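Note sheet for the following structure.
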Amino acid sequence: MNRLGLLHPSELDEQAKALYDSFYTYTTTRYGESAKAGFLTEDGRFMGPFGAQLHTPAVGQHFLGMTKACKQIPGLSDLNREIAIIVVGVRYQAAYELASHRMFGQKYGLSLEEVDTLFEGKKPATFTEDKTAVYDVAHELLYKPGPLSQATWDEAVRLIGKSGAVAIVQYVGFYSYVSTVLNGFDVQLPDITGIKL
């Protein structure tokens, strides 16, 4: 079930319709027409975090802004970004996030074995130093209470630079929010078989 329901475009008020249009432009521009099946039902209802945010368009506008802003932070490759996001998804067991980022992780260069290992809550033995640094920062933020240790921070800065370390923290924070929204509203998985990213 999806606790909030999926809104049809005809059900949206003016503010929500404007947000819907912004979501549509963003998702089709970023992911392409072929990826629409992962975000939209056949009759045009947004699924996933986008669908949930349409119920609170004032928050949804800021959600989209944060989505775009995080993507603009320099210093983190697409592959390393996916490592951080998957670690978050595993911590929260957010089904929609895990399913979509399983695909993105492989698209950006993680092997199937590495993705499977991450999904088991473990660090792949095949990770290079930079991937290990991303994993370690994300994992520590999610599983160890209190501030990130100075040693973990310093190692990340050494291996991927300060901007990369900043990006990891921002992505972990943002996708923790996304996962909470997905879990809180019991957002269901779309049929993503056959989607080409």
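The analysis underlying the following values was restricted to heavy atoms, covering all of them including side chains, and did not include hydrogens, waters or symmetry mates. Worth saying up front: this structure is predicted, and the values here are computed from it rather than measured.
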Aromatic rings Tyr31 and Phe104: how do their planes relate, parallel, tilted or perpendicular, breaks at 30° and 60°? tilted
Mark yes or no for whether Gln93, through its side chain, and Val90, through its backbone, hold a donor-acceptor pair below 3.5 Å. yes
Looking only at heavy atoms, which two atoms of Ser176 and Leu142 are closest? And how far apart? OG-CD2, 3.6 Å
Side chain to side chain donor-acceptor pair (under 3.5 Å): pairs with one or both residues in residues 118-127, sequence neighbours excluded: Glu114-Thr126, Lys123-Asp136
About how many Å separate CD1 of Ile160 and CD of Glu155, when rounded to the nearest 0.5 Å? 10.0 Å
Side-chain touch Leu7/Phe46, heavy atoms, less than 4.5 angstrom: no
According to a 4.5 Å side-chain heavy-atom criterion applied to Ile, Leu, Val, Met, Phe, Trp and Tyr, with indirect links allowed, do Tyr143 and Tyr135 form part of one hydrophobic cluster? yes
May I ask you to decide whether Asp130 forms a salt bridge with Arg158, counting only side-chain N to carboxylate O separations under 4.0 Å? no
Can you tell me how far CG of Leu110 sits from CD1 of Ile86, rounded to the nearest 0.5 angstrom? 5.5 Å
Using side-chain contact (heavy atoms from CB on, under 4.5 Å), reason through Phe119 and Arg102 one step at a time and then give a plain yes or no. CA-CA 9 Å; Phe119 271 56; Arg102 175 181 283 280; 3.3 Å; yes
Can Thr25 and Ser22 be counted as having a side-chain donor-acceptor contact under 3.5 angstrom? no
Any donor and acceptor pair, going by atom type alone, linking the side chain of His8 with main-chain N or O of Asp43 inside 3.5 Å? yes
Could you check whether Lys17 pairs with Asp13 (Lys NZ or Arg NE/NH1/NH2 to Asp/Glu carboxylate O, under 4.0 Å)? no
Minimal non-hydrogen separation, Ala167 against Pro74, with atom names: CB-O, 4.2 Å
Non-hydrogen side-chain atoms of Lys107 and Glu82 separated by less than 4.5 Å: no
Worked verdict on Arg81 versus Val134 for side-chain contact (heavy atoms from CB on, under 4.5 Å): CA-CA 8 Å; Arg81 181 187 70 238; Val134 172; over 6 Å; no
Applying side-chain contact (heavy atoms from CB on, under 4.5 Å) to Ile83 and Phe127, what does each step give before you reach the verdict? CA-CA 10 Å; Ile83 292 169; Phe127 269 12; 3.7 Å; yes
Measuring from atom CD of Gln170 to atom CD1 of Ile73, what distance do you get when rounded to the nearest 0.5 angstrom? 4.5 Å
Verify side-chain contact (heavy atoms from CB on, under 4.5 Å) between Lys144 and His139, making sure each step is shown before the conclusion. CA-CA 8 Å; Lys144 182 181 173 196; His139 193 272; over 6 Å; no
Can you tell if the side chain of Ser111 reaches within under 4.5 Å of the side chain of Gln106, non-hydrogen atoms only? no
To the closest 0.5 Å, what do you measure between CD1 (Ile85) and OH (Tyr175)? 4.0 Å
Distance (rounded to the nearest 0.5 Å) between Leu98 CG and Ser179 OG: 7.5 Å
Residues Val137 and Ala156: closest non-hydrogen pair is CG2-CB, 3.6 Å
Considering all heavy atoms of both residues, which atom of Phe174 and which atom of Cys70 are nearest to each other, and what is their separation? CB-SG, 4.1 Å
Donor-acceptor list for residues 47-66 side chains, cut-off 3.5 Å, not counting sequence neighbours:
from	atom 1	to	atom 2	distance (Å)
Gln53	NE2	Tyr177	OH	3.1
His55	NE2	Leu4	O	3.3
His55	NE2	Gly5	O	2.9

How close do Ile168 and Ala84 get, heavy atom to heavy atom, and via which atoms? CG2-CB, 4.4 Å
I'd like to check the ring-ring contact (aromatic ring centres under 6.0 Å, His included) partners of Tyr171; sequence neighbours left out, ordered by chain and number. none
Side chain proximity check, Asn2 to Asp186, heavy atoms < 4.5 angstrom: no
Can you list the steps and then say if Lys162 with Asp154 is a salt bridge (charged side-chain N to carboxylate O under 4.0 Å, His left out)? CA-CA 9 Å; Lys162 185 177 179 181; Asp154 289 345; over 6 Å; no
So, Ser100 side chain and Glu97 main chain: donor-acceptor pair closer than 3.5 Å or not? yes
Glu140 (side chain) donor-acceptor with Thr152 (main chain) under 3.5 angstrom: no
Nearest heavy-atom neighbours spanning Asn183 and Arg3: O-NH1, 3.6 Å
Would you call Glu11 and Arg45 a salt bridge, using N to O less than 4.0 angstrom? yes
Nearest-0.5 Å distance that lies between atom OH in Tyr24 and atom CG in Leu19: 15.0 Å
